[in-house]
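One structure below.
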Amino acid sequence: MSLIKSISGIRGTIGGKSGTGLSPEDIVRYVAAYASRMKEVTGKKKMTILVGRDARLSGDMVNNLVKGALQSMGVNVVDLGMTTTPTVEMAVTGLSAQGGIILTASHNPSNWNALKFLNGDGEFISAKLGEEILQLAESGEISYTDSEKLGTVSSADNYIDNHIASILALPLVDVEAIRIAEM
């Protein structure tokens with residue numbers, strides 16, 4: 001089992017002992033640390049974070065843990081469902097969210113998954129913020145919210161349609177040429 005913690009995210013094989021693979025405990029701890037630091041960075045007590053995932057077998061389980069961890073930090077979640085990394089990045093700004101989490105281990109084998117953290121501009125978080133999140137997660141000094149202040153979950157699993165429409169509306173995209181090519 002492997003767990004790789006870096007500023008570009010947390011990735012690892014699913015299962016195993018906490019700290020050796022991407023266990024449920026690890027997922028909750030790193031997501032909670034991300035939410036805690038994002039609250040400090042944005043200065044918002046009530047934030048919205050988007051979550052999107054790829055088609056990995058573990059995707060649904062990881063997605064549910066991530067949403068629950070965010071809710072437990074008082075964060076409202078918009079679940080984009082199964083979608084692309086660029087769609088999540090674009091949706092962060094399009095939906096005026098304070099951040100996003102992409103669940104994908106990209107080129108890694110199917111038994112891997114990852115948490116890739118975005119800022120409010122739909123960009124991957126800075127090296128400095130990534131280090132702070134890692135330190136907070138390791139410290140165990142995370143405070144969860146009271147039941148009266150839990151976050152909510154909503155879904156926007158068709159946001160990829162907005163993404164495609166935005167691309168097709170770009171002046172350099174020749175939609176008619178694409179249509180004629182029948183690709």
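The figures here come from the full heavy-atom set of this structure, side chains too, leaving out hydrogens, waters and symmetry mates. Computed from a predicted model, the values in this text were never measured in an experiment.
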- Item | Flag, side chain of Thr13 to backbone of Ser2, donor-acceptor distance under 3.5 Å | yes
- Go through the steps for Leu129 and Asn119 under the test side chain to side chain contact (heavy atoms under 4.5 Å, CB included), then give the verdict. CA-CA 10 Å; Leu129 183 54; Asn119 63 24; 5.6 Å; no
- Note on the structure: Value for OG (Ser58) from CG (Asn63), rounded to nearest 0.5 Å, stands at 10.5 Å
- Query: Taking all atoms of both residues into account, what is the closest heavy-atom pair of Ala114 and Arg11, and its distance?
  - Reply: CB-CB, 3.3 Å
- Item | Charged N-O contact under 4.0 Å between Glu40 and Arg37 | yes
- Count the heavy atoms belonging to other residues, nucleotides or ligands that lie under 6.0 Å from NZ of Lys46, then report whether that count exceeds 12. yes
- Hydrophobic cluster identity match, Val66 and Met82, side-chain contacts under 4.5 Å: no
- Message: Using modelled atom types and a 3.5 Å cut-off, is there a donor and acceptor pairing between side-chain atoms of Tyr34 and backbone atoms of Gly100?
- Response: yes
- Item | Cluster overlap Leu150 with Met47, hydrophobic side-chain contacts below 4.5 Å | no
- Under the side chain to side chain contact (heavy atoms under 4.5 Å, CB included) rule, what do Thr152 and Asn76 come out as? Steps first, then yes or no, please. CA-CA 5 Å; Thr152 61; Asn76 294 330; 3.0 Å; yes
- Spell out, as yes or no, whether a donor-acceptor pair under 3.5 Å connects the side chain of Gln98 to the backbone of Gly120. no
- Side chains of Lys116 and Ser106, donor plus acceptor under 3.5 Å: yes
- Message: Side chains of Glu25 and Tyr30: any donor to acceptor distance under 3.5 Å?
- Response: no
- What heavy-atom pair brings Thr83 and Gly52 nearest, and what distance separates the two atoms? CG2-CA, 4.1 Å
- Message: Who clusters with Ile4? Use side-chain heavy atoms, under 4.5 angstrom, across I, L, V, M, F, W and Y, and order the result by chain and number.
- Response: Trp112
- Quick one: do Met61 and Asn113 satisfy side chain to side chain contact (heavy atoms under 4.5 Å, CB included)? Show the steps, please. CA-CA 11 Å; Met61 181 270 299; Asn113 214 323; over 6 Å; no
- Item | Leu170 atom CG, neighbour heavy-atom count above 12 within 6.0 Å | yes
- Report whether Met90 and Phe117 are members of the same hydrophobic cluster (ILVMFWY, side-chain heavy atoms less than 4.5 Å apart, transitive linking). no
- side-chain contact (heavy atoms from CB on, under 4.5 Å) with Leu103: which of Leu65, Val51, Asp54? Val51
- Heavy-atom pair with the smallest gap, counting every atom of Asn108 and Arg56: O-NH2, 3.0 Å
- Do Ile14 and Asn111 come within less than 4.5 Å of each other through their side chains, counting heavy atoms only? no
- Message: To check you understand the geometry: which heavy-atom pair defines the closest contact between Ser23 and Gly16, and what is its length?
- Response: CB-O, 3.9 Å
- Are Val41 and Ile125 close enough, and set up right, to give a side chain to side chain contact (heavy atoms under 4.5 Å, CB included), and what steps lead you there? CA-CA 11 Å; Val41 168; Ile125 60 172; over 6 Å; no
- Task: Could you tell me the separation between the OG1 atom of Thr85 and the CZ atom of Arg53, rounded to the nearest 0.5 Å?
- Result: 13.0 Å
- Item | Distance-minimising heavy-atom pair for Thr145 and Gly74 | CG2-N, 3.5 Å
- Check whether any side-chain heavy atom of Ile10 sits under 4.5 Å from a side-chain heavy atom of Asp26, and report yes or no. no
- Query: Would you call Lys67 and Asp79 a side-chain contact if the rule is heavy atoms closer than 4.5 Å?
  - Reply: yes
- Determine yes or no for a side-chain-to-main-chain donor-acceptor pair under 3.5 angstrom, with Ser139 supplying the side chain and Glu141 the backbone. yes
- If you link ILVMFWY side chains whenever their heavy atoms are less than 4.5 Å apart, which other residues fall into the same cluster as Phe124? By chain and number, please. Leu50, Val78, Leu80, Val88, Val92, Leu95, Ile102, Leu118, Tyr159
- Task: Identify the heavy atoms of Ser36 and Met73 that sit nearest to each other, and give their distance.
- Result: CB-CE, 3.8 Å
- Do Glu131 and Leu134 touch side chain to side chain, with heavy atoms closer than 4.5 Å? yes
